[in-house]
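Just so it is clear, the values below take in all heavy atoms, side chains as well, and ignore hydrogens, waters and symmetry mates.
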Amino acid sequence: MYSQGLIGADGRTTETPEFLQAFQKRIDAEDKIEPKDAMPEGYRKTLVRQIGQHAHSEIVGMLPEGNWITRAPSLRRKAALLAKVQDEGGHGLYLYAAAETLGVSREEMTEELLSGKAKYSSIFNYPTLSWADIGIIGWLVDGAAIMNQIPLCRCSFGPYARAMIRVCKEESFHQRQGYEIVMTLAQGTPEQKEMAQDALNRWWWPSLMMFGPHDADSQHSDQSMAWKIKRFTNDELRQKFIDATVPQAEYLGLTVPDADLAWNEAKGGYDHGPIDWGEFWRVVKGHGPMARDRIKARKKAWDEGAWVREAALAHAEKRAARKIAAE
Amino acid sequence: MTETPLWEVFIRPRNGLAHKHVGSLHAADEVLALQAARDVYTRRGEGVSIWVVPSVAITASDPDHAAENFEPTADKIYRHPTFYDIPDDVGHM
């Protein structure tokens with residue numbers, strides 16, 4: 001989007017106190033920042049990192065679910081899962097396009113993902129062991145993603161906000177199809193209900209970790225809030241997610257795997273037990289059970305698709321040459 | 001690494017409305033760009049017609065010149081119908 005002349009452009013700005021103040025004034029007035037506007041280098045860098053990570057998460061997120069497409073239990077489920085995984089690919093594309101408006105190229109971002117320099121959501125480094133995981137991912141993982149993404153529709157950077165509006169419209173089907181899968185299992189045979197419970201047990205805590213470290217330990221939060229890239233803190237969003245999700249689990253007759261979970265009348269929300277941040281950081285640093293497989297799969301797709309990209313470009317050149325010759 | 005060209009995508013939501021910019025994508029040529037635009041931007045009945053334009057073909061105004069470009073229009077209030085006083089007796093005009 002509008003990235004002509006921007007890719008590889010020098011993003012440096014002379015950041016006088018007046019410039020920074022004027023920029024903050026625009027942000028405070030809820031003015032949207034568009035790609036060619038002058039912006040502090042830190043703002044640009046934060047967005048490139050965040051949108052890039054977000055795009056990578058969509059693309060890598062296709063892998064754990066793609067794993068179950070051929071084994072979906074019915075044609076209805078298969079068609080829905082295919083559509084969902086295709087959506088995730090589309091979401092990755094909207095986001096890469098938004099990041100490109102900031103002067104980074106798709107190729108650079110792809111290289112950063114494959115080399116391990118860029119991160120993606122660590123939730124996708126967990127394995128999908130049973131069909132119930134597909135339901136739980138739609139319900140919890142997409143549910144958590146929606147909590148994160150709805151405020152991003154009001155992000156101060158125009159292209160990111162616009163991409164998020166499209167993404168959010170599409171995600172609500174993802175969460176509903178997931179919940180329907182879990183509901184079918186929870187209302188099925190005792191074995192099926194057990195499958196659903198087992199998947200909930202494994203995905204609950206990683207889903208809470210998707211919101212990131214506690215506010216006190218979050219290194220990017222304050223500046224991102226001031227720049228209105230973020231609208232709510234990690235803990236605020238996590239709380240909203242828990243409050244929305246616990247009644248949905250109760251409806252299904254499933255138990256959230258947290259012995260300390262309790263309704264707190266005074267704060268009007270649930271209190272929850274301690275999150276294992278040791279596990280979170282291990283997975284973020286690439287020690288998740290599936291981390292190597294995920295990057296290996298992306299690298300294979302990129303390498304083995306190289307000839308297709310090259311052939312398409314060669315064909316386009318040949319057609320263009322023929323067209324010129326015919327004129 | 002060879003870079004695949006960037007295209008801007010415009011979609012007409014339904015006949016009677018103008019094409020509107022919806023996003024961008026990479027494709028080797030216009031045929032593949034149209035195909036990709038259909039797959040990426042019209043999965044839920046978003047449109048009935050697609051334009052794809054090479055991003056390099058777009059010339060944009062410079063936001064640094066936004067003030068001199070667009071602000072002068074704000075003080076030309078005589079360009080708006082409400083600037084002119086017409087008695088109520090004349091009726092709707």
Spacing of [X] atom [atom1] and [Y] atom [atom2] [to the nearest 0.5 Å]:
| X | Y | atom1 | atom2 | result |
| --- | --- | --- | --- | --- |
| B/L25 | A/E100 | CG | CD | 10.0 Å |
| A/K36 | B/D64 | NZ | CG | 10.0 Å |
| A/R319 | B/D29 | CZ | CG | 5.0 Å |

Are there more than 12 heavy atoms of other residues, nucleotides or ligands under 6.0 Å from atom [atom1] of [X]?
| X | atom1 | result |
| --- | --- | --- |
| A/E30 | CD | yes |
| A/R49 | CZ | yes |
| B/K76 | NZ | yes |
| B/R43 | CZ | yes |

Pick from A/D37, A/L93, A/D87 with the largest number of heavy-atom pairs that fall under 4.5 Å of chain B: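 Ranked by contacts with chain B, first place is A/D87.
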Most chain B-contacting option - heavy-atom pairs closer than 4.5 Å, from A/E317, A/H315, A/H91, A/Q86: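 If we count pairs closer than 4.5 Å to chain B, A/Q86 comes out on top.
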Under a 4.5 Å cut-off applied to non-hydrogen side-chain atoms, are B/E3 and A/S105 in contact?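 The answer is yes; the side chains approach within 4.5 Å.
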B/E46 and A/K169 ion-paired at < 4.0 Å: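 Salt bridge absent between B/E46 and A/K169.
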Kindly give the heavy-atom pair with the smallest separation between A/A97 and B/S24, and that separation in Å.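 In terms of heavy atoms, the two residues are closest at CB-OG, 3.5 Å.
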Closest non-hydrogen atom pair between A/F173 and B/R44, with its separation: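 So the two residues come closest at CD2-NH2, 3.1 Å.
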